[in-house]
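Since the structure comes first, as structure tokens, the remarks are kept for the end.
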Amino acid sequence: MNTMTKIKRVLCKTFLLIGIFSFTLTFKTYAAEILWDSYEIPATRQKPRLVDNADLLTDSEESALLTRLDETSVKWSSNIAILTVNSHSGPIEAYADDYFDYNGFCSEFGESGILFMLSMENREWTISTSGSAKYAFTDYGQDYLFNEMRGDLSDGDYADAFNTYVDVCDRLLDAYSKGTPVDVGVKPPKTTSDILAYLAGSIALGLALALIPILKMKSDLKTVKMASSATNYTGRLRLTTSQDRFVRKTLSKTEIPRDNGSNGSRGGFGGGSTIHTSSSGHSHGGSHGHF
């Protein structure tokens, strides 16, 4: 076998290996991007409420989080789901809508649900809402939800961020069930920790205010000395005539501004939910950004 033949064989093997590697890489990328079997809406849900394809959680964290997602979803009759991927194809909000629809999440609870998705390649996030959840999670409510998670997401504390997601979803769905969805001019309900922190602060402030006069009186008592007689306290006070005279009456009025929800909202939201239509023809609310 001459040298030229050997070189040709080496080149053929090299190109063959490159082709196999490229095909494998392309197949893996495609499989990671498309997470539904067809573009027909199934009659039942096809995926669990937690799919961590980016492997951000430990097995124990996944198990505990999935239990919470399932319990809270059943509690409010609304699918609460999380998806993480390394990469995705197309606009992330459209991908999340399709994942929700073509995996049958809309087949339960009258189509009601919310999906939070992370794509790690470009550190993107998105929220997709459906059914009555479109109105439970207003534009302002979604902004509040993400801001509660933002710190942990930026720090890479994904388990804490996702548990916060479940907590806030629970609170916002509770507010919606009472007829007061969190929106412009409607404050989010306080958590137990918020109430405890408020009580602790109030008690601390009360104790501090009570201690100030006590410490002042204690300080003043240091200058008191025992007197040998009472002459210093007698013969000094002479009351002659005292009168109370009414001079004038002054009444001031200040108008209290009314909050009509037309301004002052975080992010400049005008209130309510922005709705769009997905490729399946279903309507969704949602938002997206980077973290």
Nearest 0.5 Å please: distance from the OG atom of Ser87 over to the CD atom of Glu124. 10.5 Å
Side chain to side chain contact (heavy atoms under 4.5 Å, CB included) partner of Ile114, chosen from Leu172, Leu145, Asn79: Leu145
Determine, stepwise, if the pair Leu118 / Phe291 fulfils side chain to side chain contact (heavy atoms under 4.5 Å, CB included). CA-CA 9 Å; Leu118 287 184; Phe291 67 98; 3.7 Å; yes
In a check of ring pair (Phe, Tyr, Trp, His ring centres under 6.0 Å) between Tyr95 and each of Phe100, Trp36, Tyr102, Trp125, which one passes? Trp36
Over 60° means perpendicular and under 30° means parallel, so tell me whether Phe162 and Phe116 are parallel, tilted or perpendicular. perpendicular
Audit row: Ile82, Tyr165, side chain to side chain contact (heavy atoms under 4.5 Å, CB included) steps and yes/no: CA-CA 9 Å; Ile82 295 173; Tyr165 166 73; 3.5 Å; yes
What's the verdict on side chain to side chain donor-acceptor pair (under 3.5 Å) for Asp98 and Ser279, showing C-alpha distance, side-chain angles and the deciding distance? CA-CA 7 Å; Asp98 289 346; Ser279 66; 2.6 Å; yes
The salt bridge (Lys or Arg N to Asp or Glu O under 4.0 Å) partner of Arg49 among Glu62, Glu108, Glu71 is Glu108
How long is the gap from NZ on Lys134 to NE2 on His282, to the nearest 0.5 Å? 10.0 Å
So does Asp155 have more than 12 non-hydrogen atoms from other groups sitting under 6.0 Å from CG? yes
I need the Leu173 CG to Ser73 OG distance, nearest 0.5 Å. 9.0 Å
Got a second to check how far Asp97's CG is from Cys106's SG, nearest 0.5 Å? 10.5 Å
What pair of heavy atoms forms the shortest contact from Tyr144 to Arg171, and how long is it? OH-NH2, 2.6 Å
About how many Å separate CG of Asn53 and NE2 of His88, when rounded to the nearest 0.5 Å? 14.0 Å
How many angstroms lie between atom CG of Asn86 and atom CG of Asp55, to the nearest 0.5 angstrom? 8.5 Å
